[in-house]
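Here's the structure we're looking at; comments come further down.
Reminder, nothing fancy here: chain letters follow the sequence lines and each chain counts from 1. Quick caveat: nothing in here was measured; it's all calculated off a predicted structure.
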Amino acid sequence: MMRITLIAVGLLLAVLLPLAIPWLNFVFIMAVAQGFAALGVVLLLRAGMISIGHAVFLASGAYVTAFLLRQTGITDLGLILLVATLGSGLFGFLIGMFMVRYRAIFFAMLNMAVSMVVFALLAKLYHLTGGTDGVRVATPTVLGAVLDRTVFDSLLLYISLALLVAVGWLVHRYLSSPLGKALEAVHTNEVRLEYLGVSAWGVLLYAYTISAALAGLGGALAAIAVGHVVPELAYWTHSGQLVLIAVLGGIGGVVGPFIGALFFEIVRVVAAGYAAYTWNMIVGLALLGVIFFLPNGLYGLVQRLLKRGGGS
Amino acid sequence: MTEPILRVENLHVNFGGIRAADDVNVDVHPGERLAIIGPNGSGKTTFLNLCTGYVKPDSGHVYLEGNSITRLTPRTIARRGIARSFQIPQLFTDKTLVENIMLGVAARRGIWDVLRPLNRPDYRREAERFIELVGLQESTEKLAGELPEGTRKLADIAIALTLKPRLLLLDEPTSGVSARERFALMETLIPALREEDVTAVFVEHDMDLVRRYAERVLVWDSGRVIAAGPPDTVLQDPQVLQNVVGV
Ligand SMILES: Nc1ncnc2c1ncn2[C@@H]1O[C@H](COP(=O)(O)OP(=O)(O)OP(=O)(O)O)[C@@H](O)[C@H]1O
Ligand SMILES: [Mg+2]
């Protein structure tokens, strides 16, 4: 009950605040976009696996979006988001078939290795990807209508929030389902899981595919919001950022990564106005605080404060 | 003579010079309760590992109802109907007991279910029956990792039972369980297994339990079966008494 109230209040603020402070519109869309990718990372973290390469799937969603708008006649926002999500999911499935055989440091490093290869390809295959300059992303149409950019940006925020609710709910269901519990079981006791006749490989591949699709959706939203895609989206430091956001926000549920992403984006924008590296410091200190004092991340902190404030 | 449910032929396995299985030949008959006894390190657990695909033999064969399972994985063998409990209980320690058992129930009924919760009334009801069977009602909502050792052993048996196996392999089911509770456990477990038509093999150190609940005993030593037969006969054998029971 408390959680639902919290989410409703959060959504209401996300809709109302940008009306008063317009630059928040972009920040909120980016928070949702990064939040989707970080949620993908969270799925794998629940199985005890850290991917330091997941930005690759965010990049794949972003590049699919750019490609569709530039090379094909497809301009519809809904269709683009769908294709980018499914395309990244398929990409994740293919990479995942190989990846989920590995555990621990091997898994982390292999993901990173793949992301570096993809980064290099994006930068080098100039004719396909526009090289290091990247590709401009035109404004998509919405149900056939060509919208003015400011109107489109508001709409994009509302669509992002609606997707956050719908997709977040589906992921929430997944996490409490048998398959979602089996995902955690890979972490706690893979031997017992196999002895129950369950394929840890299959359980992980499912999660890996979903996590790639989530990152792809985030990538598509980010590409459309920014209006430009560059190879750096796939760079391993961006993957590290996603892990950071996931841990910062909390891996206990669906809401955490979005809170983490919001915090991250706001600190980045606000602190950038003061001095370079300030935001690194703030984010770094926040991460230290979370690691030592908040096992459930920032979301855990919000929950705790609310509990103290007004019962459950 | 009916076909054995499990047949093991000329099984060998070596661990860096240690012969953990040295020409093992065993038939397990449908419905029987077979006890395995033997000193520490004689290869009892290795035998269960070989039968469930966790350890692959250097040579030899394992058949389940006439079909070779020698090269299959534990997962496939579990699907074919062999479940086991472990000497060191293998639980999902971060979940409650009932969640552990419900996950076992879900594994049997269909794990590829992503939109309905694990915690649903029919799974819970079935899980509670298994919990009752091993007498752990009071621990239902406790974290599996925080249960005392004896309780974890019983939980490990319960989770194996969720598969509704045809053959159940128990590795020292009563070690860590207090002497008083051992008999109580076996008194509920054995009839339940009989009712469900489960064949049971159990590694056991308590000779009183073996006498009372096993129909046949295999005596292990240095990776070999050195004696086999009904408990009354085998446990009179001076060599067995000296090598095993004396230890
Ligand atoms: N995976 C393994 N790798 C190396 N050696 C092993 C392995 N498994 C068992 N062994 C060795 O094989 C021998 C038989 O071990 P096993 O665990 O089967 O004995 P056990 O009869 O179950 O003993 P206990 O009564 O102590 O449980 C021991 O010497 C053990 O050290
Ligand atoms: Mg043993």
Side-chain angles (χ1 to χ4, degrees), chain A residues 3 39-40 42-43 45-49 89 93 100-101 166-214 250-254 295-296, chain B residues 48-49 51-54 72-86 88-96 98-120 123 143-145 152 155-156 159-165 168-169 171:
Chain A
R3 194 170 48 193
L39 178 58
V42 163
L43 292 188
L45 283 173
R46 287 171 79 99
M49 320 242 288
F93 176 79
V100 302
R101 291 174 203 281
V167 174
W169 181 77
L170 286 175
V171 173
H172 174 72
R173 293 295 293 240
Y174 164 47
L175 289 180
S176 41
S177 76
L179 201 59
K181 296 291 176 186
L183 183 62
E184 296 166 25
V186 171
H187 182 35
T188 39
N189 202 329
E190 195 172 335
V191 169
R192 176 45 97 187
L193 191 64
E194 290 274 336
Y195 265 97
L196 286 176
V198 176
S199 157
W201 182 81
V203 169
L204 286 176
L205 182 57
Y206 191 95
Y208 198 89
T209 304
I210 300 288
S211 82
L214 287 168
I251 68 166
V254 171
N296 300 315
Chain B
L48 301 193
N49 286 342
C51 292
T52 54
Y54 192 66
L72 300 184
T73 60
R75 164 167 48 98
T76 321
I77 293 173
R79 291 240 155 257
R80 298 249 182 126
I82 303 183
R84 84 176 276 192
S85 74
F86 294 81
I88 298 164
Q90 299 294 323
L91 302 170
F92 306 114
T93 46
D94 61 341
K95 298 192 177 0
T96 62
V98 69
E99 281 175 328
N100 270 264
I101 309 299
M102 283 194 294
L103 196 51
V105 171
R108 189 190 80 240
R109 294 223 209 159
I111 196 82
W112 300 100
D113 182 349
V114 289
L115 289 181
R116 288 182 304 156
L118 172 68
N119 188 358
R120 61 185 83 167
Y123 283 15
L143 278 182
R152 266 186 285 137
D156 198 42
I159 197 165
L161 286 171
T162 61
L163 285 184
K164 300 209 169 166
L168 180 63
L169 312 177
D171 201 345

- [ ] With a 4.5 angstrom heavy-atom cut-off, could you sort out which part of A:Leu175 is near chain B: side chain, backbone, both or neither?
- [x] neither
Open item on the list: Does any backbone or side-chain atom of A:Val191 lie under 4.5 Å from a heavy atom of chain B? Answer side chain, backbone, both or neither.
Closed with: side chain
Open item on the list: Shorter than 4.5 Å, heavy atoms on both sides: which option in B:Arg80, B:Met102, B:Arg108, B:Arg79 has the most such pairs with chain A?
Closed with: B:Arg79
- [ ] Among B:Thr73, B:Thr93, B:Asn119, B:Ile159, single out the residue with the greatest number of heavy-atom pairs under 4.5 Å to chain A.
- [x] B:Ile159
Does any part of the side chain of [Y], heavy atoms only, come nearer than 4.5 Å to the side chain of [X], both counted from C-beta?
X: A:Thr188; Y: B:Leu91; answer: no
X: B:Pro117; Y: A:Arg173; answer: yes
X: A:Pro178; Y: B:Arg120; answer: yes
X: A:Glu184; Y: B:Lys95; answer: yes

Open item on the list: Using only atom types and a distance under 3.5 Å, with no angle test, would you say the side chain of A:Ser177 pairs donor to acceptor with the backbone of B:Asp113?
Closed with: yes
Task: Donor-acceptor contact present, side-chain A:Asn189 to main-chain B:Phe92, <3.5 Å - done: no
Open item on the list: Quick check on A:Leu170: does its CG atom have over 12 non-hydrogen neighbours (other residues, nucleotides or ligands) under 6.0 Å away?
Closed with: yes
Task: Heavy-atom neighbours of B:Arg116 CZ exceed 12 at 6.0 Å - done: no
With sequence neighbours left out, write down each residue that passes side chain to side chain donor-acceptor pair (under 3.5 Å) with [X], or none if nothing qualifies.
X: B:Ser85; answer: none
X: A:Arg192; answer: B:Asp156
X: A:Glu190; answer: A:Arg103

Open item on the list: How long is the straight-line distance from OG1 of B:Thr76 back to CD of A:Glu194, given to the nearest 0.5 Å?
Closed with: 8.5 Å
Open item on the list: To check you understand the geometry: which heavy-atom pair defines the closest contact between A:Lys181 and B:Leu118, and what is its length?
Closed with: CG-CD2, 3.5 Å
TODO: List the atom of A:Tyr195, the atom of B:Ala78, and the distance in Å for their closest heavy-atom pair.
DONE: O-CB, 3.3 Å
TODO: Counting only heavy atoms closer than 4.5 Å, note whether B:Ile111 contacts chain A via side chain, backbone, both or neither.
DONE: both
- [ ] Could you look at B:Ala107 and say if it's the side chain, the backbone, both or neither that has a heavy atom under 4.5 Å from chain A?
- [x] both
TODO: Taking heavy atoms only and a threshold strictly under 4.5 Å, list by residue number the residues of residues 206-213 of chain A that touch chain B; give 'none' if the list is empty.
DONE: A:Tyr206
